[in-house]
> 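Mind looking over this structure? Questions follow.
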Amino acid sequence: MANDRTNMVSLLDFGKWMDGDASNILELGDGYTELTEDWSPNTNETTYVNMKTAATTVNGYALSMTPEREHLSDEAQEYIDRAFRKFPTGKSAETDYYRFYKTGKSGDGFLAIKVPVVAMPTSTGGTGGETLTSSIQISGNGDAVDGIMKIEEGKWTFTETPDAEAAAYKIRKNGSASLSD
């Protein structure tokens, strides 16, 4: 049976956005009606003289998403509202995006990725009588990094690991393991 959308958890470091000095990772959950990662693979296709079909080489990926959010009175909305007043550019638009699947349990955390991104306000408003919404464009700005995402005392923390898959395998195999094993 396929997992539903609640299995995929998306987070953004709002604290680093717009020149923030302290990390504040918040879930892109409440108020978001749709959030889909588009990885747009960058490929080259070549058909060699002795081939009938093309050979494809993957050169990289370009993460892009435009999550739309209903206007809620909460911490994430305060950051988004600030973006619509400040319109960040350059370094001010840079932050980190994180994603994990709840089925990717690893010890007391989850196998996750961290992607450097730029986040930009794109639209705010709505049709008369309908819910006020805000959208931000999130675009990849570097390579994804493996790690473990944990939530402790209500705060999300990401620990980069050279090989999070191997660490999770050791945990599944042995019943417990530290990331340094």
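Computed from a prediction, not measured in an experiment: that's the story for all the values here. All values below come from the heavy atoms of this structure, side chains included, with hydrogens, waters and symmetry mates left out.
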> Any chance CG of Asp143 has more than 12 other-residue heavy atoms, nucleotides or ligands included, within less than 6.0 Å?
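Open.
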
> Of all the heavy-atom pairs spanning Met149 and Leu11, show the shortest one and how long it is.
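That closest heavy-atom pairing would be CE-CD1, 4.2 Å.
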
> Short question: side chain of Thr43, backbone of Thr56 - any donor-acceptor pair under 3.5 Å?
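The answer is no, because no donor-acceptor pair under 3.5 Å joins these two groups.
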
> Identify whether Leu26 and Met18 are in the same connected component of the hydrophobic contact network (ILVMFWY, side-chain heavy atoms under 4.5 Å).
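Leu26 clusters together with Met18.
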
> Just checking, Lys105 and Phe110: is the charged tip under 6.0 Å from the six-membered ring centre and within 45° of the axis?
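Yes.
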
> For Tyr79 and Asn24, which I'm curious about, is there any donor-acceptor pair between the side chains at under 3.5 Å?
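Yes, side-chain donor-acceptor contact under 3.5 Å.
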
> Does Glu34 form a side-chain hydrogen bond (donor to acceptor under 3.5 Å, both in side chains) with Thr36? I'd like the steps, not just the answer.
CA-CA 7 Å; Glu34 192 272 336; Thr36 299; 2.4 Å; yes

> Does Asp30 have more than 12 heavy atoms from other residues, nucleotides or ligands lying within 6.0 Å of its CG?
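For Asp30, atom CG is not crowded (no more than 12 foreign heavy atoms under 6.0 Å).
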
> Where is the tightest heavy-atom contact between Ile136 and Pro67, given as atom of each residue plus distance?
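Looking at all heavy atoms of both residues, the closest pair is O-CD, 3.1 Å.
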
> So among Asp13, Val145, Val115, which one has a side-chain contact (heavy atoms from CB on, under 4.5 Å) with Tyr98?
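Answer to the side-chain contact (heavy atoms from CB on, under 4.5 Å) test with Tyr98 among Asp13, Val145, Val115: Asp13.
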
> Tell me the closest heavy-atom pair linking Ser134 and Phe84, and the distance in Å.
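So the minimum-distance heavy-atom pair works out to CB-CE1, 4.0 Å.
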
> Apply the test side-chain contact (heavy atoms from CB on, under 4.5 Å) to residues His71 and Ile80: give CA-CA distance (whole Å), side-chain angles for both, the deciding distance (0.1 Å), then the verdict.
CA-CA 9 Å; His71 198 284; Ile80 292 169; over 6 Å; no

> Which value, rounded to the nearest 0.5 Å, describes the distance between Ser23 atom OG and Phe158 atom CZ?
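Reported value, rounded in 0.5 Å steps: 11.5 Å.
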
> Is the closest side-chain heavy-atom distance between Lys150 and Thr159 below 4.5 Å?
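They are not in contact (no side-chain heavy atoms under 4.5 Å apart), so the answer is no.
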
> Is Asp74 paired with Arg69 through a side-chain N to carboxylate O contact shorter than 4.0 Å?
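Counted as a salt bridge, because a side-chain N and a carboxylate O are separated by less than 4.0 Å.
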
> Please report the interatomic distance OH(Tyr97) to CG(Leu12), rounded to the nearest 0.5 Å.
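If I round to the nearest 0.5 Å, the distance is 9.0 Å.
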
> List the steps, then state whether side-chain contact (heavy atoms from CB on, under 4.5 Å) holds for Phe14 with Leu28.
CA-CA 10 Å; Phe14 283 98; Leu28 302 177; 3.9 Å; yes

> So, using salt bridge (charged side-chain N to carboxylate O under 4.0 Å, His left out) as the criterion, who are the partners of Lys91 when residues are at least two apart?
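Lys91 satisfies salt bridge (charged side-chain N to carboxylate O under 4.0 Å, His left out) with Glu94 once adjacent residues are dropped.
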
> Decide whether Ile113 and Leu35 are clustered together by the hydrophobic rule: side chain heavy atoms of Ile, Leu, Val, Met, Phe, Trp, Tyr closer than 4.5 Å, transitively.
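In one cluster: yes.
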
> Got a list of side-chain donor-acceptor pairs under 3.5 Å for residues 57-65, not counting sequence neighbours?
unit_1	atom_1	unit_2	atom_2	d
Ser64	OG	Gln137	NE2	2.8

> Please report the closest heavy-atom contact between Ile148 and Ser106, naming both atoms and the distance.
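So the two residues come closest at CD1-OG, 3.5 Å.
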
> Roughly how far, to the nearest 0.5 Å, is OG1 of Thr6 from OH of Tyr101?
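Tyr101 OH to Thr6 OG1: 12.5 Å, rounded to 0.5 Å.
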
> Of the non-hydrogen atoms in Pro88 and Ala83, which two are nearest, and what is the gap between them?
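That would be CD-O, 3.8 Å.
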
> With sequence neighbours excluded, tell me which residues meet salt bridge (charged side-chain N to carboxylate O under 4.0 Å, His left out) with Asp38.
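Asp38 satisfies salt bridge (charged side-chain N to carboxylate O under 4.0 Å, His left out) with no other residue.
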
> Over all heavy atoms of both residues, which pair between Arg82 and Trp17 is shortest? Give the atoms and the distance, please.
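The answer is NH1-O, 4.3 Å.
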
> Which residue in the set Asn141, Val117, Ile138, Val118 passes side-chain contact (heavy atoms from CB on, under 4.5 Å) when paired with Thr95?
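Of the listed residues Asn141, Val117, Ile138, Val118, the side-chain contact (heavy atoms from CB on, under 4.5 Å) partner of Thr95 is Val117.
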
